[in-house]
Amino acid sequence: MDYLKIEEKWNKIWEETNLYKFDPNKLDKKFYLLEMFSYPSGASLHLGHWWNFGLSDSFGRFKRLQGYNVFQPMGFDAFGLPAENYAIKTGIHPEDSTRHNIELMEKQLRKIGATFNWEYELITCNPDYYKWTQWLFIQLYKKGLAYQKEAPVNYCPSCNTIIANEQVVDGRCERCDSEIIRKNMKQWFFKITDYAEELLSGLDKIDWPEKTKALQRNWIGKSVGAEVDFELENKKGKLTVFTSRADTLYGVTFLVIAPEHKLVKELVTPENKKVVDEYIANSIKKDEITRTSTTLEKTGVFTGSYVINPLTGEKVPVFVADYVISTYATGIVMGVACHDERDFDFAKKYNLKTKQVLTSKDGKEVKMPYCQYGKLVNSEEFNGLTSEEAKVKIVEKLEKLGKGRFKTNYKLRDWSVARQRYWGCPIPIIYCDHCGTVPEDESRLPVKLPHITDYKPEGEGPLGKCDEYMHTTCPKCGRPAIREADTLDTFVCSSFYQLRYPESLHNDKEIFNRDYVNKMLPVDCYVGGVEHATGHLLYSRFITKFLRDIGCLDFDEPFQRLFHQGMILGADGKKMSKRNTSKTADDYVNKFGSDALRLHMMFSLKYADGGIWDDAGIVHMKEFMERVERIVLKWGKLTGNVNNYGAAEKDLDYVLHNAIKEVANGYESFSFNTAVAEYMKLVNAMYKYDQNCEQINAKFAKDVAKNLLILMAPAAPHFTEELWEQLGEKYSIFNQHYPVCDESKIVLDEVEIAVQVNSKIVARMLVPTSADNTTILNIVKQDDKVRSQLDGKEVLKEIVVPKRLVNLIVK
RNA sequence: GCCGGUGUGGCGGAAUGGCAGACGCAUGGGACUUAAAAUCCCAAGUUCGAAAGGACGUGUGGGUUCGACCCCCACCACCGGCACCA
């Protein structure tokens, strides 16, 4: 078989006959399968793309055979730094290079022969798409969820832009590996923190890998505790701390405030000012150099001020120390030297007072610092309570005194969305001298990104240099006004694309139709890498919940099921790239065909784990296909009139129906390797039957051959379609229905059981599958070998595991 | 440090608590052939044994169970994430 020819042939026919067209009117059995769309980077498609798109496509084809109306759209996340950096490197305008790359990638993606619904293609840099990105921004702005504030941001001096927390890896830029600087800048944020609790609790109702849920939980970082107010000693005012260990409140011997905290200035007494200023200057510098080191010794300086413990009335000194983070909770921490590791180190270093307020629950002596829960001591009326009890009782008392309250904190920060770059979605905000900050009028959307030539990033949005873009009129008062020069983080663009896909064709009136989106979503299965766990996957959930709250849709979660593929790696164990693969996907396709490549990928590595690419087996996959071809063509054209259904037929039927069951299980769980193994087992059994039967039951054999083709269709689409035609069957194999497993065929009449006496196997025998436990025991006990083992001894206990094993325990 | 995951032959990898290593690669052998290629078949965890057969085997140590790769406890190694989060 000429694989290249048949691939070309069927790709063409499938396209011309619209075989995979999604029917928007048949939604009762729709299946929305989505693969994370990709950046149109300049490189040509490599094996990793085949791995990602080809294999999830096989899953889609399997669902199609099961009778689902599969919706599997494809598109491009076309804005953003990679596309722009590539453009800067090559000197070609981002728009031109992006369009060119999309064209190139699209052509190659089509070659995979995947059943993508290209007619729904989305490209995020198209005005008819980013119109809705801007619309979304405006809705968030109207609800107060898009806002500007002066905030410390991660600034990459090489890319000349602010980047999100998620894009900082070990204090470095994930793109260019430069050291990140912390800077205070006026920035646009989305208030994702408003949804922290729901983003957390929603995880319980979706079918996602535990790993990913754990990552998000960790990232959201819920911490239940209390706020406690400490009055200043000699002045009016108070310092509020957050603690999850209110049970240790009686043990507070100092307070620590973050160097960047606003109140530091007020706390510093004149005689301490010089030291404190120096310390702050130092720690801010340290921030830039080694922010992430946890082994760093705890340092700090005394401010000169004291506060009063609200319960004990004790005077407590206040320190500035950079082990306290200004952006988490209140930025002030109570120091309990005896019951916190860090506070202990700090107190020891500066010779501060310590006070033990906890002992172990069982009264054993404890070693300092004792950080576990225990029993309270030195805590007045709370003595004797457990930590768990005291955490509640103490805060209740503080509430009565008006000096504290229960409080829950989250590590999650608001989402920084502005980028000082050119190639992104323009922020639809206008600054008017009379009206202030005004969102663009929705009727004037999209705010088009101008085609400019000087797009090099220089710390401020390059759009600022484009007068025609910047100067506009205020949508409120009509007077001249200035536009926002920044563009949006691409994660904004990709936070709702799954909602827009179903209607990308025809709805230019609204972001999507409410009824229709409710029927099409959530996405039934979302496939993509785990690297987006705390980025895209969290943002999409947030935006979905927001759109629900403003009445655009009625569901809570965008992706019902999520599956992460593993990554396919080069010979050096590193991410696949041109450098570490000597052969491209095209090389393999040309030599063995795309079906063989796909089958080999499915079989040789676990989809969930990935691993190092090894092409050694691919030639054998081609041989396997030839093996299939020979037997299928032989059996499919048999004309004998033997109608016997004997032991051989029964055996083969067993293998077939077992395969029907296991192949389905394999696809459902993305265990493609075991699905392919089942094909091989079935083919082996067919050859055996072919050899061992003098006369072949032609009708039966034909049926097995056809079933094999249908089972294999998702894994080798062109190949099976061609054979299907050669058998004279009607176009197309993908209109067939996945065979039904006849359970009765995979139950054997007789089953071998092992008889154990005291856990030692003494005999093996055949018993009817239908026999119940009593019958089996009777048969067993009559057996000579068993009787001799029992030797008249009394049976204490009989265990019968149907179909497998009998165990007699004797005295 | 905390959270999550993984650990099975020379290799990729299978096993609702029930004959561990399916299926395949690499390996060895056989049939067909003048020969080779192609094709088809067989063997194969380790170890002792000529063989029949036995012993040991799923990172380590315990436990539950008639029975554990699988469940529980402790530990080790590797991978991933978070990391001074109060």
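Side chains are part of it too, since the values below use all heavy atoms of this structure and drop only hydrogens, waters and symmetry mates. A note on names: the letters A, B, ... follow the listed sequences, proteins ahead of strands, and every chain is numbered from 1. Small disclaimer: the values here were computed from a predicted structure and weren't measured.
- Across the P atoms, B:rC19 and B:rC70 are found 14 Å apart, a figure rounded to whole Å.
- By the side-chain contact (heavy atoms from CB on, under 4.5 Å) test, A:Val655 pairs with A:Leu682, A:Ala685, sequence neighbours left out.
- In this structure B:rC84 sits in no base pair that meets the Watson-Crick or G-U test at under 3.5 Å.
- Rounded to whole Å, the distance from CG on A:Asp690 to C1' on B:rC41 is 13 Å.
- Partner assigned to B:rG61 is B:rC73, using Watson-Crick or G-U wobble distances below 3.5 angstrom.
- For A:Arg630, a side-chain nitrogen or oxygen approaches OP1 or OP2 of B:rC40 to under 4.0 Å.
- Contact annotation for A:Ile799: base contact, defined as any heavy-atom pair under 4.0 Å involving a base atom.
- Following rounding to the nearest Å, A:Asn665 (CG) and B:rU16 (C1') show an atom-to-atom distance of 11 Å.
- Among the heavy atoms of the strands lying under 4.0 Å from A:Gly610 are primed sugar atoms or P, OP1, OP2 only; no base atom is included.
- Using a 4.0 Å heavy-atom distance criterion, A:Phe624 is classed as making no nucleic acid contact.
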| message | Applying side chain to side chain donor-acceptor pair (under 3.5 Å) to A:Thr193 and A:Asp414, what does each step give before you reach the verdict? | response | CA-CA 6 Å; A:Thr193 49; A:Asp414 278 341; 2.6 Å; yes
Would you give me the side-chain donor-acceptor pairs under 3.5 Å for residues 656-666 of chain A, sequence neighbours excluded?
| residue | atom | partner | partner atom | Å |
| --- | --- | --- | --- | --- |
| A:His657 | ND1 | A:Asp742 | N | 2.9 |

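- Taking atom NE2 of A:His564 as the reference point, atom C1' of B:rC79 lies 16 Å away to the nearest angstrom.
- B:rG18: Watson-Crick or G-U partner is B:rC66, with both key distances under 3.5 Å.
- Test A:Lys681, A:Met602, A:Met712, A:Met601 against A:Val676 for side-chain contact (heavy atoms from CB on, under 4.5 Å) and you get one pass: A:Met602.
- Going from atom NZ of A:Lys661 over to atom P of B:rU16 covers 11 Å, rounded to whole Å.
- Comparing the same atom, C1', in B:rG59 and in B:rU8 gives a spacing of 10 Å after rounding to whole Å.
- Considering only residues two or more places apart in sequence or on other chains, A:Lys355 meets the side-chain contact (heavy atoms from CB on, under 4.5 Å) condition with A:Tyr250, A:Thr253, A:Thr312, A:Glu314, A:Val357, A:Asn378.
- The nucleotide B:rG28 finds its pairing partner in B:rC42, both defining distances of the Watson-Crick or G-U wobble pair being shorter than 3.5 Å.
- One C1' atom belongs to B:rA14, the other to B:rA52, and the distance between them is 31 Å to the nearest Å.
- Residue A:Tyr687 places no side-chain N or O under 4.0 Å from the OP1 or OP2 atom of B:rC41.
- Atom CH2 of A:Trp613 and atom P of B:rG13 are 13 Å apart (whole Å).
- Comparing B:rG30 with B:rA36, their P atoms sit 11 Å apart, to the nearest whole Å.
- Considering A:Tyr607, A:Phe672, A:Tyr667 as possible partners of A:Phe563, the one that fulfils the ring-ring contact (aromatic ring centres under 6.0 Å, His included) test is A:Tyr607.
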Please enumerate all protein N or O atoms sitting under 3.5 Å from an N or O of nucleotides 30-32 of chain B, with distances to 0.1 Å.
none

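- To the nearest angstrom, C1' of B:rA38 lies 18 Å from CE of A:Met625.
- Spacing between B:rC23 and B:rC71 at atom C1', rounded to whole Å, works out to 28 Å.
- Nucleotide B:rA86 holds its P atom 13 Å from the NZ atom of A:Lys222, rounded to whole Å.
- In this structure, A:Glu341 places its CD atom where only 12 or fewer heavy-atom neighbours from other residues, nucleotides or ligands lie under 6.0 Å away.
- Among the heavy atoms of the strands lying under 4.0 Å from A:Lys606 are primed sugar atoms or P, OP1, OP2 only; no base atom is included.
- Checking B:rG4 for Watson-Crick or G-U wobble geometry (two distances, each under 3.5 Å) identifies B:rC79 as its partner.
- Contacts of A:Lys411 with the nucleic acid, taken as non-hydrogen atoms under 4.0 Å apart, include base atoms.
- Judged by closest nucleotide on RNA chain B, A:Leu215 is the one of A:Leu215 and A:Gly331 placed further toward the 5' end.
- Annotation: B:rG13 and B:rG61 have their C1' atoms spaced 28 Å apart (nearest Å).
- Partners of A:Thr408 by side-chain contact (heavy atoms from CB on, under 4.5 Å), not counting sequence neighbours, listed by chain and number: A:Lys222, A:Val224, A:Tyr410.
- Of the residues near RNA chain B, A:Gly611 and A:Lys211, the one whose nearest nucleotide (by heavy atom distance) lies more toward the 5' end is A:Lys211.
- Using a 4.0 Å cut-off, some side-chain N or O of A:Lys688 falls inside it from OP1 or OP2 of B:rC42.
- Between the CG atom of A:Asn658 and the P atom of B:rU16 there is a distance of 12 Å, given to the nearest Å.
- B:rU60 and B:rU6 are spaced 16 Å apart, taking the C1' atom of each and rounding to whole Å.
- Here B:rG9 is in the syn range [glycosidic angle within 90° of 0].
- Of the inter-residue distances, the one linking A:Lys213 atom NZ with A:Asp207 atom CG reads 7.0 Å to the nearest 0.5 angstrom.
- Not less than 6.0 angstrom separates the ring centroid of A:Phe603 from the ring centroid of A:Tyr679.
- Among the atoms of the strands shown, none is found under 4.0 Å from any heavy atom of A:Lys407.
- Within a 6.0 Å sphere centred on NZ of A:Lys688, other residues, nucleotides and ligands contribute 12 heavy atoms or fewer.
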What's touching nucleotides 22-28 of chain B from the protein side, N or O pairs under 3.5 Å?
| residue | atom | partner | partner atom | Å |
| --- | --- | --- | --- | --- |
| B:rA22 | O2' | A:Lys681 | NZ | 3.0 |
| B:rG24 | OP1 | A:Asn684 | ND2 | 2.7 |
| B:rC25 | O3' | A:His620 | NE2 | 3.2 |
| B:rA26 | OP1 | A:His620 | NE2 | 2.8 |

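- Note that the CG atom of A:Asp690 and the CG atom of A:Leu652 stand 10.0 Å from one another [nearest 0.5 Å].
- Comparing B:rG57 with B:rG7, their C1' atoms are spaced 16 Å from each other, to the whole Å.
- For the OP1/OP2 pair of B:rA86 and a distance below 4.0 Å, the side-chain nitrogens and oxygens of A:Ser223 include at least one atom meeting the criterion.
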